[in-house]
Amino acid sequence: MRVRDSIHDDRLPDSYYTATCNDLSGFKRLEGNIKVDVCIVGGGFTGVATALHLAEKGYEVALVEQNRIGWGASGRNGGQVIGGYGQALSDFSKIENSFGAGNADAVWKMGVECVDIISEWVKKYSIDCDLRWGYVDLAMKESEIDDLKKSMDALQARGYPHEQKLLNADEVKTYVGSDRYIGGVTNMGWGHCHVLNLVIGEARAAERLGARIFEDARVSKLDIRDDSVVVDMDHCRVTANKVVLAGGAYLGKLVPKLASRVLPAGSYIVATEPLDEALANKIMPRGFAACDQRWALDYFRLTPDRRMLFGGLATYSGKHPRDIVAAVLPNMLKVFPELENVRIDHAWGGYMGIGLNRIPQVGRVGDNIYYAQAYSGHGVAPTHMSARLISEAIEGDTNRFDIMANVKHPPFPGGQLFRQPMLAIGMAYYRMKDAIGR
């Protein structure tokens, strides 16, 4: 199975999420010209969540998506809902180094709040997205156990509100039935969900509040005027007081400054046929989402219908593997050899946006164009935080927005021609370290 991932495609990817989505009716196409308070470009979590935040505040909003809502990374990822915004919640010193001592506490709280937004909206708007709580970080060597314990202690010391538990070699098998791991740490404040149902559910909630959401709306240029911006889609236009760019890795070269600071990197997932109940209970007894601690990590979870959803294999070359199953399956079998004869029903992938410093890029282009991008594979919850910051800034409260906007994000070295190969070489070094256990 290969990735179908052209920039303009009116079909959702052939994934488990698409096959089990509870709303594929789609959104209408914009015909004619309209004028609104805010136009949002991009129908993933950042754009949709911004639309919902603003619609809750009473703004007249139009969202334009060049393909389908949830078509990009937001509807293709591993579905793991985990906290942290800009840096890991457990490493407060890194948060201070990145954002300054005076802002560190606010950023730490945003790393908790980003998950809360999802939890609150799922309840408030009755979004059917299989949201479940329970996450386990897995260790493959003693140094990783030490690091995980330090992280757990650091979170508890700062008053982290959710239960965590350190697992020894025997205990970890009651969460992940594999001989590959020697321990881990659980977190009941993190979990997993059906991401395509979540993003479409949020879009429907925004629509019910008055937001106008359009698909098949490819933006070709932005015409910046004194008091407005014209978003040109060739066949129609949206004139807005403010614009939010939320296309991430799929924004292309619409704004060259932003394009130079985000690198599309591939990530790939397989989903098995529904497993026998006994086998499912053996390999994932608690139904938690899980990942290991390597740079080239594995992440996995069971779906509600007992499919193993297993992902990883991040690529930085800009090229997708010719056969996703052949590329990902060996990694899954290292963890769960019991799945050797299980059928693979779905295999898919796509691009995530990587930033050089791995901190989400939030800011302005001029006075009335906002943007957020580059979640570096950790975006389900943080996108919702970026959306809240942008909505706060549009309303006039820039305190938290400015914390993120003041972070410097250098462009990737090597320009358009060499930046992808240079990063691929760098990541090959970290994979080598994983392989030799350092």
Side-chain angles (χ1 to χ4, degrees), residues 78-84 87-94 108 111-112 115 132-192 272 275-303 306-312 330-340 342 377-378 381 430-431 433-438:
Q80 301 201 358
V81 181
I82 58 181
Q87 295 289 0
L89 284 172
S90 57
D91 198 334
F92 197 72
S93 63
K94 278 191 175 181
W108 189 89
V112 177
V115 176
R132 299 183 177 190
W133 300 112
Y135 186 89
V136 57
D137 272 305
L138 300 165
M140 299 170 65
K141 51 189 177 181
E142 291 294 336
S143 61
E144 292 174 349
I145 293 178
D146 293 341
D147 289 342
L148 288 174
K149 185 179 186 306
K150 290 177 183 176
S151 296
M152 182 185 74
D153 292 343
L155 282 178
Q156 291 175 343
R158 292 201 61 80
Y160 182 67
H162 301 288
E163 177 188 355
Q164 299 178 92
K165 182 180 179 181
L166 181 68
L167 307 175
N168 62 30
D170 292 329
E171 292 168 331
V172 75
K173 290 185 178 179
T174 69
Y175 291 82
V176 178
S178 173
D179 294 329
R180 195 164 172 80
Y181 309 109
I182 62 172
V185 167
T186 65
N187 187 332
M188 293 306 299
W190 298 351
H192 55 99
T272 69
L275 304 179
D276 175 83
E277 186 175 1
L279 177 56
N281 290 338
K282 177 185 177 184
I283 62 175
M284 297 293 284
R286 308 291 183 100
F288 282 26
C291 79
D292 63 41
Q293 306 308 299
R294 298 172 302 158
W295 275 87
L297 57 79
D298 296 327
Y299 55 86
F300 48 90
R301 63 187 181 91
L302 282 184
T303 63
R306 298 197 304 270
R307 299 174 187 269
M308 171 56 66
L309 193 155
F310 194 100
N331 295 343
M332 185 178 77
L333 296 181
K334 288 178 184 177
V335 180
F336 300 115
E338 301 93 332
L339 301 182
E340 183 174 7
V342 170
H378 179 61
Y430 286 107
R431 284 198 176 93
K433 291 183 69 175
D434 285 339
I436 64 178
R438 293 183 181 179

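Within the 4.5 Å cutoff, no side-chain heavy atoms of Leu302 are placed close to those of Leu309. In this structure the side chain of Cys291 reaches within 4.5 angstrom of the side chain of Asp137, judged on heavy atoms. By the 4.5 Å heavy-atom criterion applied to side chains, Thr186 and Leu167 are counted as neighbours. Using a 4.5 Å heavy-atom cutoff, the side chains of Met284 and Met308 are in contact. Between Val115 and Ile82 there is no side-chain heavy-atom pair separated by less than 4.5 Å. Side chains of Met140 and Gln293 form no contact here, defined as non-hydrogen atoms less than 4.5 Å apart. With contacts defined as side-chain heavy-atom distances shorter than 4.5 Å, the pair Trp108/Leu155 qualifies.
Taking a 6.0 Å sphere around CD of Glu163, one finds it holds 12 or fewer heavy atoms contributed by other residues, nucleotides or ligands.
With sequence neighbours excluded, the residues forming a side-chain contact (heavy atoms from CB on, under 4.5 Å) with Asn168 are Asp170, Glu171, listed by chain and number. Checked against side chain to side chain donor-acceptor pair (under 3.5 Å), Tyr160 has the following partners two or more places apart in sequence or in another chain: Asn187, Trp190. Checked against ring-ring contact (aromatic ring centres under 6.0 Å, His included), Tyr299 has no partners two or more places apart in sequence or in another chain. Partners of Asp292 under the salt bridge (Lys or Arg N to Asp or Glu O under 4.0 Å) rule, at least two apart in sequence or in another chain, are Arg294. In terms of the salt bridge (Lys or Arg N to Asp or Glu O under 4.0 Å) criterion, residue partners of Asp179 (sequence neighbours excluded) are, by chain and number, Lys173. For Glu340, the side-chain contact (heavy atoms from CB on, under 4.5 Å) partners two or more places apart in sequence, or in a different chain, are Leu333. When the side-chain contact (heavy atoms from CB on, under 4.5 Å) test is applied to Leu279, the partners found at least two apart in sequence or on another chain are Leu275, Asp276, Ile283, Glu338, Leu339, Val342. Shown here are the side chain to side chain donor-acceptor pair (under 3.5 Å) partners of Ser151, two or more places apart in sequence or in another chain: Ser90. Shown here are the side chain to side chain donor-acceptor pair (under 3.5 Å) partners of Arg180, two or more places apart in sequence or in another chain: there are none. Contacts of Arg307 classified as side-chain contact (heavy atoms from CB on, under 4.5 Å), with partners at least two apart in sequence or in another chain: Tyr16, Thr272, Pro274, Thr303, Asp305, Asp345, His346. Residues forming a side chain to side chain donor-acceptor pair (under 3.5 Å) with Gln164 (at least two apart in sequence, or on another chain): none.
In this structure, Arg158 is positioned above the aromatic face of Phe92, its NZ or CZ under 6.0 Å from the six-membered ring centre and within 45° of the axis.
The salt bridge (Lys or Arg N to Asp or Glu O under 4.0 Å) contacts involving residues 142-152 comprise Lys149-Asp153, where partners must be two or more places apart or lie in separate chains.
Heavy-atom minimum distance, Ala289 versus His192: N-CD2, 3.6 Å. The two residues Ala139 and Ile145 come nearest to each other via the heavy atoms CB-CG1, 3.4 Å. Taking all atoms of both residues into account, the shortest heavy-atom contact from His378 to Gly84 is NE2-O, 3.5 Å. Scanning both residues, Ile182 and Val172, for their nearest heavy atoms gives C-CG1, 4.4 Å.
Checked against a 6.0 Å centroid threshold, the rings of Phe288 and Tyr175 count as neighbours. In this structure, Phe300 has its ring center closer than 6.0 angstrom to the ring center of Phe336.
Looking only at distances, no side-chain donor or acceptor of Arg286 sits under 3.5 Å from a matching main-chain atom of Asn281.
To the nearest 0.5 Å, atoms CE (Met188) and OH (Tyr135) are separated by 14.0 Å.
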